[in-house]
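A short write-up of the structure that comes next.
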Amino acid sequence: MIEIRHLLKVTVAWTSIVYAICYFGVSMYPPIRMMTWRYAMHMDWNVASGYFGFGYFISGLIIWNVVALLGVWLFALLFNKIK
């Protein structure tokens with residue numbers, strides 16, 4: 001049985017750390033975005049984005065945490081219900 005509250009706390013911490021590293025990595029070295037699309041996703045997609053600021057950082061952090069929490073919560077719920 002998975003302890004859902006603890007798992008959700010760990011998910012928020014993990015998602016926040018990874019998001020912050022990625023956000024600041026892209027802000028320090030913008031070509032990393034295109035390199036990720038090309039080499040990790042095997043796609044050639046040209047996206048020019050200059051949206052860097054504290055508000056964008058916080059809104060992205062909230063969105064990614066909500067998405068991660070919903071996914072992990074659903075996983076834990078199904079794991080605990082399916083025998």
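Counting begins at 1 with the first residue of the sequence.
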Problem set entry | For Phe57, the option from Tyr19, Phe52, Trp64 that meets ring-ring contact (aromatic ring centres under 6.0 Å, His included) |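 Among the candidates, only Tyr19 passes.
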Exercise. What closest approach, in Å, do Asn65 and Ser16 show between heavy atoms, and which atom pair accounts for it?
Worked result: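 What the structure gives for the nearest pair is ND2-OG, 3.3 Å.
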Exercise. In terms of hydrophobic clustering (I, L, V, M, F, W, Y; side-chain heavy atoms under 4.5 Å; direct or indirect links), are Ile62 and Tyr23 co-clustered?
Worked result: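 In one cluster with Ile62: Tyr23, yes.
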For this session: Indicate, with yes or no, if Val26 and Met28 share a hydrophobic cluster defined by side-chain heavy-atom contacts under 4.5 Å among Ile, Leu, Val, Met, Phe, Trp and Tyr.
Result: no
Distance in Å, [X] [atom1] paired with [Y] [atom2], rounded so as to fall on 0.5 Å steps:
X     : Y     : atom1 : atom2 : value
Leu8  : Thr11 : CG    : OG1   : 5.5 Å
Arg33 : Cys22 : CZ    : SG    : 11.0 Å
Met1  : Ile4  : CE    : CD1   : 7.0 Å

For residues 67-82, which side-chain donor-acceptor pairs fall under 3.5 Å, sequence neighbours excluded?
| from | atom 1 | to | atom 2 | distance (Å) |
| --- | --- | --- | --- | --- |
| Asn80 | OD1 | Ile2 | N | 2.9 |
| Asn80 | ND2 | Ile2 | O | 3.2 |
| Asn80 | ND2 | Ala76 | O | 3.4 |

Problem set entry | pair Lys9-Trp14: side-chain heavy atoms closer than 4.5 Å |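 Not in contact.
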Exercise. With no hydrogens and no angle check, is any side-chain donor or acceptor of Ser59 less than 3.5 Å from a backbone partner on Tyr56?
Worked result: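 Side chain of Ser59 to backbone of Tyr56: a pair is present.
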